[in-house]
Amino acid sequence: MGRGKNDGRAQRRKNAGNTQSGAEAAALQKVASSFGANVMPEEVSHADAAVFYQIVVSQSWEEVEAKIAQVVAQGLLTEGVLLAGYTILEQAQAGKEDERTIQNIAQICMRLTELLQNLKATPVLRLVDQWAQMLESKPKTAVAEVQRSMQETFAEASVCTQQDFVTEIQQIIERMEQQDQEFEESVKEVEAAAGGAPTAEQQANIAEQRKQRKDAGAHVRQLHSLALAAGVAATLQTAK
């Protein structure tokens, strides 16, 4: 679907104080019921659509998180659920629904995307997330800590080898670059739909997403460089 992974931690911080009024919840319910099975792709089952509808009509973000947790625990989070969500989001955008309604649906879709990606994460992806969090949270000491962790992980080789990590992170970088291009295309569509003059809220949202993508890309590229350096260091150590 070409949906990029945004920085989930930043999104959760943004969502932490997000609550929906009764009017907003009613608007979400209206959108969900309006864009029903008749607009769903064939890949989306009635059960998948029902799971997303159940989440989107929540009264608050706390209820959203509780329902999502239940869906994950029951093994109901699938590509179909995610596709149902993005289909409703795209229809809401095309129908020029209220900006706040669109934002709420988008936040739910991004949260589900993050969780589904985590469920499918390979050992390398888990390491990327772990080490990227270190780079973000401890900018002054993180590089040395990540280097030590990489050396230990690659030497043990029980999770992955240095070559495995480098190969997969290169693929991750390529996917991120493709997703960045798709994001910029979607920005052009938003700008065109707004007659070249997006609202202040839309501009702020675009700017925030661009920043998140730039920061995430910088961390992944830094990890790639550190992994290459770790390989060189290991080779020199072996030569001794």
Side-chain angles (χ1 to χ4, degrees), residues 1-16 65 68 72 77 79 82 86 106-107 109-187 205-240:
M1 289 187 296
R3 309 295 178 185
K5 178 181 180 181
N6 290 297
D7 186 338
R9 295 175 300 281
Q11 189 63 41
R12 285 195 293 276
R13 286 195 296 270
K14 180 178 179 181
N15 289 336
E65 288 283 16
I68 288 176
V72 172
L77 181 55
E79 289 282 356
L82 201 57
Y86 277 111
Q107 287 174 347
C109 288
M110 287 188 286
R111 182 73 175 116
L112 293 175
T113 299
E114 176 196 359
L115 288 172
L116 189 59
Q117 288 174 335
N118 288 343
L119 290 173
K120 292 183 173 183
T122 64
V124 168
L125 279 173
R126 293 190 185 98
L127 286 173
V128 168
D129 187 59
Q130 173 189 331
W131 289 335
Q133 286 187 47
M134 292 170 65
L135 291 174
E136 180 181 354
S137 61
K138 301 178 180 179
K140 294 183 179 179
T141 61
V143 171
E145 292 182 16
V146 169
Q147 286 176 321
R148 283 195 297 270
S149 182
M150 279 186 172
Q151 289 167 0
E152 293 170 359
T153 300
F154 298 154
E156 185 177 326
S158 60
V159 177
C160 71
T161 65
Q162 184 265 354
Q163 186 56 53
D164 290 338
F165 185 86
V166 168
T167 298
E168 189 163 341
I169 202 170
Q170 287 173 335
Q171 295 171 351
I172 292 171
I173 291 172
E174 291 173 2
R175 289 198 297 270
M176 292 179 76
E177 290 174 346
Q178 177 62 35
Q179 289 164 358
D180 285 342
Q181 292 177 7
E182 292 172 355
F183 171 73
E184 292 303 329
E185 288 299 320
S186 70
V187 169
N205 185 46
I206 290 169
E208 176 63 19
Q209 290 191 51
R210 277 197 179 121
K211 181 180 184 303
Q212 290 177 2
R213 288 176 177 278
K214 181 179 178 181
D215 291 346
H219 287 149
V220 171
R221 289 179 178 84
Q222 187 175 9
L223 290 176
H224 179 251
S225 297
L226 291 174
L228 289 174
V232 172
T235 300
L236 293 175
Q237 185 67 28
T238 302
K240 292 181 180 179

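In what follows, residues are counted from 1 in the order of the sequence shown.
Scanning all heavy atoms of the two residues, the minimum distance from M150 to L223 falls at CE-O, 3.4 Å. Of all heavy-atom pairs between V124 and D164, the closest is CG2-O, 4.2 Å.
Proximity of a side-chain donor or acceptor of T167 to a complementary backbone N or O of Q163 within less than 3.5 Å is detected. The backbone N or O of A227 sits less than 3.5 Å from a side-chain atom of Q162, completing a donor-acceptor pair. Judged by distance alone, with hydrogens and angles left aside, the side-chain atoms of T113 form a donor-acceptor pair with the main-chain N or O of C109 at under 3.5 Å. Between the side chain of S149 and the backbone N or O of V146, no donor-acceptor pair lies under 3.5 Å.
Look at K120 and E79 and you find a salt bridge, because one of the NZ, NE, NH1 or NH2 atoms lies within 4.0 Å of a carboxylate O, short of that distance. A salt bridge links R111 to E114: one of the charged nitrogens lies within less than 4.0 Å of a carboxylate oxygen.
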Problem set entry | Verdict with reasoning, I169 to L127, per side chain to side chain contact (heavy atoms under 4.5 Å, CB included) | CA-CA 10 Å; I169 202 170; L127 286 173; over 6 Å; no

For this session: Start with the C-alpha distance between W131 and H219, add both sets of side-chain angles, then the distance that settles side chain to side chain contact (heavy atoms under 4.5 Å, CB included), and finish with yes or no.
Result: CA-CA 9 Å; W131 289 335; H219 287 149; over 6 Å; no

For this session: Just do the side chain to side chain contact (heavy atoms under 4.5 Å, CB included) check on Q178 and E174 with the steps written out, would you?
Result: CA-CA 6 Å; Q178 177 62 35; E174 291 173 2; over 6 Å; no

Problem set entry | Audit row: V187, Q209, side chain to side chain contact (heavy atoms under 4.5 Å, CB included) steps and yes/no | CA-CA 10 Å; V187 169; Q209 290 191 51; over 6 Å; no

Problem set entry | Step-by-step side chain to side chain donor-acceptor pair (under 3.5 Å) determination, E208 to Q212 | CA-CA 6 Å; E208 176 63 19; Q212 290 177 2; 3.0 Å; yes

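Considering only heavy atoms from C-beta on, Q133 stays 4.5 Å or farther from Q130 through its side chain. By the 4.5 Å heavy-atom criterion applied to side chains, Q147 and V143 are counted as neighbours. Contact check for E168 versus V128: no side-chain heavy atoms found under the 4.5 Å cut-off. A 4.5 Å side-chain heavy-atom check between R213 and M176 finds every atom pair outside the cut-off.
Interatomic distance, CE of M134 versus CD of E136, reported as 12.5 Å (0.5 Å rounding). Taking OG1 from T122 and CG from L125, the interatomic distance works out to 3.5 Å, rounded to the nearest 0.5 Å. Remark: D215 CG to L135 CG distance equals 11.5 Å, nearest 0.5 Å.
A tilted orientation is assigned to the rings of F165 and F154, their planes being inclined by 30° to 60°.
Between Q170 and the choices I173, V166, I172, the side chain to side chain contact (heavy atoms under 4.5 Å, CB included) rule is met once, by V166.
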